[in-house]
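Every heavy atom of this structure was used, including side-chain atoms; hydrogens, water molecules and symmetry mates were not. Being a predicted model, the structure only gives us computed values, none of them experimental. Quick note on labels: first sequence line is chain A, next is B, and so on, each numbered from 1.
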Amino acid sequence: MKPNIYFFQWPSDLGGADTRLRDLIKLCAVDYNVTVVPNDEFRLGEERWTSWMESIGVSTATMSALPEKLDGFAFSCCNFRLFSEKERLIGIKARGLKFIWANDMMWHTEAELSAIRQGLIDVVLYTSPFHAEKLHADVVAARPLQPMRIVKNYIDASHWPMITRPDRQPVMGKVSRPDVSKFSDDLPMLWQSAAPLWKYDIMGWDEEVAKKFSWHQFDKRWKLRAPLEIPVSEWLAGVDVFCYNGSYSYIENQSRAVVEAQLSGMPVVAPSKWNFPNMVWNQRTGFLVDDLDSMRSAFETLKNPDVRWRMGALARECALRIWCDEREAKKEWHSLIAYAAEVR
Amino acid sequence: MMSTERELIVWSVAWGEYSFMLQALVSSMRRNGFKGKIVTFCDRPIKDSDHRPIDNEIDLDRLQFWKFEYLCKHMAKEPGKDLVFIDSDHYVVRDVSDILPKLLGDSPWHSFLEGPINTSATRRGDWWGCQNADFIKICRDFGLQQNEIRNSNGGFWAVKSEFAETSRRVAREFHEFAKKRGHTFPEEVSIAVLSHMFSEDHTARFAEKWAHAWGSEWTGTLQDRIPDGTSWKLVNYMTGESTMINPAIVHAMRSKSALIAQGKSIAGEDVVLAQPQAVVTPSPSVAAAMNAPGAPKAGCGACARKRQQMLEAQAKAQLEEAAKKSPDEQMTSPLGGSTEVIEQPTGQVEAADGAKQPSLMEKLREMIKR
């Protein structure tokens with residue numbers, strides 16, 4: 001009999017945690033009885049997701065419709081409403097589920113730490129040693145013997161085929177959820193300074209982000225798109241180099257957008273800090289940059305379409321091996337579930 | 001970037017004796033041909049300017065972030081303005097009508113970037129008491145990408161009105177960011193950060209490229225004299241290198257008593273010469289001085305003066321250091337502190353280029369005659 005996993009979250013095509021869930025649902029659908037429980041009932045009316053889940057044998061339910069006693073495991077990543085609306089977490093525990101929690105961000109909330117302190121989380125999950133190094137000290141301070149595991153992000157490569165890009169005036173860009181902390185204050189000046197002859201394409205531009213940059217007059221080099229204005233795969237086809245950018249206040253953990261770009265055969269330029277050295281092979285699959293001069297030098301090199309193609313092809317190959325190995329990912333998940341089962 | 005016609009407005013804030021310096025500044029601008037709008041916030045009327053009262057609701061904090069509050073509350077309510085802030089201890093010796101509109105270029109923010117903090121030419125070990133390596137780390141972690149990082153002066157900057165709120169927010173954020181790392185900086189450090197972050201080419205703001213336009217006389221070359229349009233020796237704050245310059249706008253921070261006297265004469269008040277600028281606070285580290293007991297309370301006119309005294313103490317120390325060396329030896333390590341009072345020069349004094357300069361009294365008499 002297959003073990004039961006209840007995902008307390010809803011999938012999406014936007015944002016690291018929700019796209020991670022999308023791929024996890026598919027990964028687990030074969031070996032587990034999967035039920036997806038959204039925060040809000042209206043989600044069950046989203047045909048695009050309910051029919052997809054039905055097609056792969058995954059059930060959906062509201063929290064209130066779940067039986068009072070359950071056997072199995074609960075999982076959620078970044079759904080902080082489980083803590084701020086405490087009846088949700090209490091509901092999970094009262095039903096007898098082992099709760100595995102993945103905070104994919106680089107900070108904790110007080111409500112989350114309080115739940116850890118009270119022993120309401122059976123296993124805390126990190127996506128990388130870097131992630132654990134940044135977050136686990138606070139967890140241990142809250143609950144010294146808190147069980148934890150590191151399982152790396154799994155990405156379903158079937159969404160991200162290799163793209164052959166034409167020789168054109170090169171385009172650098174980034175795709176992101178619309179969050180002002182995902183954009184550095186100096187972004188327009190920085191990009192124009194680093195690569196003045198390039199074009200720039202950003203998807204994830206909402207009213208708040210636009211307001212942040214209302215002081216700048218974006219010229220015709222810039223394309224600023226609403227979140228998911230076009231499918232991400234289409235956006236990737238129109239861009240030649242992914243350039244990571246974020247505010248000083250936001251520490252990136254494991255950017256899925258970077259991996260998706262790599263899978264599409266695109267070199268990545270990212271800061272040589274945080275977890276990026278584990279994601280970008282400097283000067284082979286892209287560039288890790290420390291300052292404006294190294295950024296300028298990277299884009300100067302990447303002007304050459306042959307270099308972009310060569311780096312992009314290797315980026316895909318590396319990404320496939322590191323993040324998209326389905327068999328390895330399943331093994332890691334089985335191991336995680338076995339570990340959680342033994343946690344008392 | 002901004003292709004439409006923009007209105008340029010010069011503005012300043014002063015109170016107490018600084019209001020007379022502001023009068024001297026405004027009159028010097030007008031006398032040299034500047035016909036544009038000058039807005040002054042002051043506790044007494046300033047001739048030839050659009051005078052407005054001091055806003056008592058704005059906290060005149062000793063770190064001088066009140067400048068950003070005035071900017072946002074009073075100056076940047078409408079788009080399409082290029083706003084040039086000038087502290088009252090400046091003086092204009094030539095027409096600035098052609099210079100001021102060029103400051104911003106395509107950027108939303110400008111201040112002159114003076115001396116490098118992280119190059120082989122750097123001689124001074126700290127800025128505002130923060131060791132250079134620590135300062136660079138703070139800047140990098142805040143997101144500054146430019147290779148060469150420089151200090152700036154908080155007394156002269158320009159901003160597009162559309163950028164005012166962002167400049168205030170980023171300035172405050174940097175301040176808080178550095179504070180968490182144990183450094184409490186005044187507004188001018190944030191101002192330097194803005195000039196790096198918000199320039200497509202921050203080297204365009206390097207002060208040496210604007211030597212015809214602006215210079216900060218902080219070592220006492222013009223001690224208690226009004227700048228008169230002749231060349232003077234500029235000592236770079238971070239490298240100690242000296243050059244002769246003759247900028248149109250002089251940050252005459254060592255000429256306060258002369259500026260006050262001139263302002264009073266213009267305002268029609270009795271000219272009672274101020275005491276020579278006394279340096280009463282040793283300042284081995286400005287941060288330490290800022291936190292010292294007896295540091296001025298927010299909201300009083302003494303705040304700016306206190307800060308000025310701290311800067312002057314540093315200048316004095318550097319001068320003393322330089323004086324210990326042979327005249328031909330270049331000043332390379334401006335460090336240390338002193339409590340001595342700098343004496344006011346009397347009679348004719350010799351300018352850096354050797355020419356005899358008129359004394360303060362002679363100069364004032366000349367100006368009153370005009």
For the [atom1] atom on [X], are there more than 12 heavy atoms of other groups (residues, nucleotides or ligands in this structure) within a distance under 6.0 Å?
X        : atom1 : result
B:Lys209 : NZ    : yes
A:Lys223 : NZ    : no
A:Trp222 : CH2   : yes
A:Glu110 : CD    : yes
B:Lys179 : NZ    : no
B:Asp98  : CG    : no
B:Lys73  : NZ    : yes
B:Glu57  : CD    : no

Mind checking the [atom1]-[atom2] spacing from [X] to [Y]? Nearest 0.5 Å is all I need.
X        : Y        : atom1 : atom2 : result
B:Gln145 : A:Ser184 : CD    : OG    : 7.5 Å
B:Glu173 : A:Ser249 : CD    : OG    : 7.0 Å
B:Glu165 : A:Ser214 : CD    : OG    : 9.5 Å
B:His202 : A:Asp186 : NE2   : CG    : 12.5 Å

task: Select one option (side chain, backbone, both, neither) describing which atoms of A:Asp185 are under 4.5 Å from chain B's heavy atoms.
output: both
- prompt: Is the A:Tyr248 ring parallel, tilted or perpendicular to the B:Phe142 ring (thresholds 30°, 60°)?
  reply: tilted
- prompt: Below 4.5 Å, heavy atoms only, C-beta onward: do B:Ser107 and A:Met189 meet side chain to side chain?
  reply: yes
message: With heavy-atom distances below 4.5 Å as the criterion, would you say the side chains of B:Lys160 and A:His216 are in contact?
response: no
task: Against chain A, label B:Ser161 side chain, backbone, both or neither, depending on which of its atoms sit under 4.5 Å from a heavy atom there.
output: neither
message: Taking B:Arg140 first and then A:Asp291, would you say they form a salt bridge - that is, a charged N and a carboxylate O separated by under 4.0 Å?
response: no
query: Pick one: which of B:Leu144, B:Asp201, B:Asn147 meets side chain to side chain contact (heavy atoms under 4.5 Å, CB included) with A:Leu292?
result: B:Asn147
- line: Correct closest heavy-atom pair for B:Thr166 and A:Trp215 would be OG1-CD1, 3.4 Å
